[in-house]
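Structure record follows, encoded as structure tokens.
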Amino acid sequence: MRLVIARCSVDYAGRLSAHLPLATRLLMVKGDGSLLVHSDGGSYKPLNWMSPPCSLDTAEPDDDQRAAGVAEVWTVTHRKTADRLIVSIHEVLHETVHDLGVDPGLQKDGVESHLQQLLAEQIQVLGDGYRLVRREYMTAIGPVDILATDAAGRSVAVELKRRGDIDGVEQLTRYLELMNRDPRLAPVSGVFAAQEIKPQARTLAEDRGIRCVVLDYDAMRGVDSGHARLF
């Protein structure tokens, strides 16, 4: 991972346009190729980013950019959509590179771990004809919770959460992009399964062709939740 603290401005050009004026920011270039732009606020969320697959190119500024104080221009281009994230660097204040090695992946809490076990045993919850291939299917960027096949025999990657938010959808998206490059698995569709799925996460998932499934944890473990039901 490469960490750069720099005075910079940032422009996003593609399906939407966005501009971050000149300020001091943290630029994170991760081993998976993504670039994230962070400020000193906003908690964990970046101000802007480009997800893989993408490529980073550096160039000298043109005369107008140099006159405006730009020392270097980074252009990050998404390989599928051709969207571009353009970082105009005025001054690098600090730069460091770290090899983080292979991450063991997120250790799930008891409920998520039990949900995974229950869904593996009751894979038909996802639909008629679904079959379990394996739990914790390992990829180069971490384990997919469940790999299954649908009624037509096509591969399905399942990401499980207690509460499904946008980060979970992004995580599944990265898995799908990688797995669909494997001719032994492709085409791979995605299922985002959780006890509760936030509206923003559902919207993003459906926009990316990912199916959302709300899981009834109590019903799956054979416990009456005590809540009134219509059916």
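These numbers come from a predicted model, not from an experiment. We number each residue from 1, following the sequence as shown.
Pairing each heavy atom of P61 with each of V73, the nearest pair is CA-CG2, 4.2 Å. Contact record, A201 with I166: CB-N, 3.7 Å, taken as the closest heavy-atom pair. For L178 against I141, the heavy-atom pair with the smallest separation is CD2-CG1, 3.9 Å. Closest heavy-atom contact between C54 and R79: O-NH2, 3.4 Å. The two atoms that bring E177 and K80 nearest to each other are CG-NZ, 4.2 Å, heavy atoms only. Across every non-hydrogen atom of N180 and V188, the tightest pair is OD1-N, 2.7 Å.
Residues T96 and H94 have side chains that never bring a donor and an acceptor to within less than 3.5 angstrom of each other.
Between the OG1 atom in T173 and the CZ atom in F192 there is a gap of 9.5 Å [rounded to 0.5 Å]. One distance of note links NZ of K161 with CD of Q116; it measures 11.0 Å at 0.5 Å rounding. Taking OG from S155 and CZ from R184, the interatomic distance works out to 10.5 Å, rounded to the nearest 0.5 Å. Separating the CG atom in L22 from the NE2 atom in H90 is a distance of 4.5 Å, to the nearest 0.5 Å. Between the CD atom of Q122 and the CD atom of Q117 there is a distance of 10.0 Å, given to the nearest 0.5 Å. Taken to the nearest 0.5 Å, the CD1 atom of I210 stands 4.5 Å off from the CG atom of L172.
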side-chain contact (heavy atoms from CB on, under 4.5 Å) between V214 and R202, intermediate numbers included: CA-CA 11 Å; V214 176; R202 181 181 292 275; 3.6 Å; yes
L160 vs L215, side-chain contact (heavy atoms from CB on, under 4.5 Å): CA-CA, chis, key distance, verdict: CA-CA 9 Å; L160 279 163; L215 300 174; 3.4 Å; yes
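Between E170 and R208 there is a salt bridge, since at least one side-chain N of the basic residue sits less than 4.0 Å from a carboxylate O of the acidic one.
Remark: side-chain polar atoms of R211 are paired, donor with acceptor, to backbone N or O of L126 under 3.5 angstrom. Here the side chain of Y217 pairs no donor or acceptor atom with the backbone of A194 at under 3.5 angstrom. Looking only at distances, no side-chain donor or acceptor of E159 sits under 3.5 Å from a matching main-chain atom of Q171. At distances below 3.5 Å, at least one donor-acceptor pair connects side-chain atoms of Q65 with backbone N or O atoms of D62. No donor-acceptor pair under 3.5 Å is formed between the side chain of S88 and the backbone N or O of V70. Side-chain atoms of R25 come within 3.5 Å of backbone atoms of C8 as a donor-acceptor pair (strictly under, hydrogens ignored). The closest donor-acceptor contact from the side chain of R163 to the backbone of E196 lies at 3.5 Å or more, if one exists at all.
Both L47 and V29 belong to a single network of hydrophobic side chains, linked directly or stepwise wherever heavy atoms of I, L, V, M, F, W or Y lie under 4.5 Å apart. Both M50 and V4 belong to a single network of hydrophobic side chains, linked directly or stepwise wherever heavy atoms of I, L, V, M, F, W or Y lie under 4.5 Å apart. Note: the hydrophobic cluster containing L26 does not contain V37 (ILVMFWY, side chain heavy atoms under 4.5 Å, direct or indirect links). Hydrophobic cluster membership is shared by L16 and L20, with clusters built from Ile, Leu, Val, Met, Phe, Trp and Tyr side chains linked at under 4.5 angstrom. At a threshold of 4.5 Å between side-chain heavy atoms, the hydrophobic network of Ile, Leu, Val, Met, Phe, Trp and Tyr places M1 and L93 in one connected group.
Side-chain contact between E136 and D145: present, with at least one pair of heavy atoms (C-beta onward) separated by less than 4.5 Å. Here the side chains of L115 and L119 are not in contact, with every heavy-atom distance at 4.5 Å or above. A heavy-atom distance below 4.5 Å is not found between the side chains of M220 and E121. At a threshold of 4.5 Å between non-hydrogen side-chain atoms, the residues M28 and W49 do not count as touching. For the pair D63/R66, a side-chain contact is recorded, criterion being any heavy-atom separation below 4.5 Å from C-beta on. The shortest distance between side-chain heavy atoms of L185 and L147 falls below 4.5 Å. Inter-residue side-chain proximity for P52 and S34 is flagged as met; some heavy-atom pair is nearer than 4.5 Å.
W74 pairs in a side chain to side chain contact (heavy atoms under 4.5 Å, CB included) with only one of the listed residues (L27, D57, I86), which is L27. Of the residues listed (T77, L36, V76), the one engaging L85 in a side chain to side chain contact (heavy atoms under 4.5 Å, CB included) is V76, and it is the only one. Among V133, D150, T149, I146, the single residue meeting the side chain to side chain contact (heavy atoms under 4.5 Å, CB included) criterion with V156 is D150.
At most 12 non-hydrogen atoms from other residues, nucleotides or ligands lie less than 6.0 angstrom from CZ of R131.
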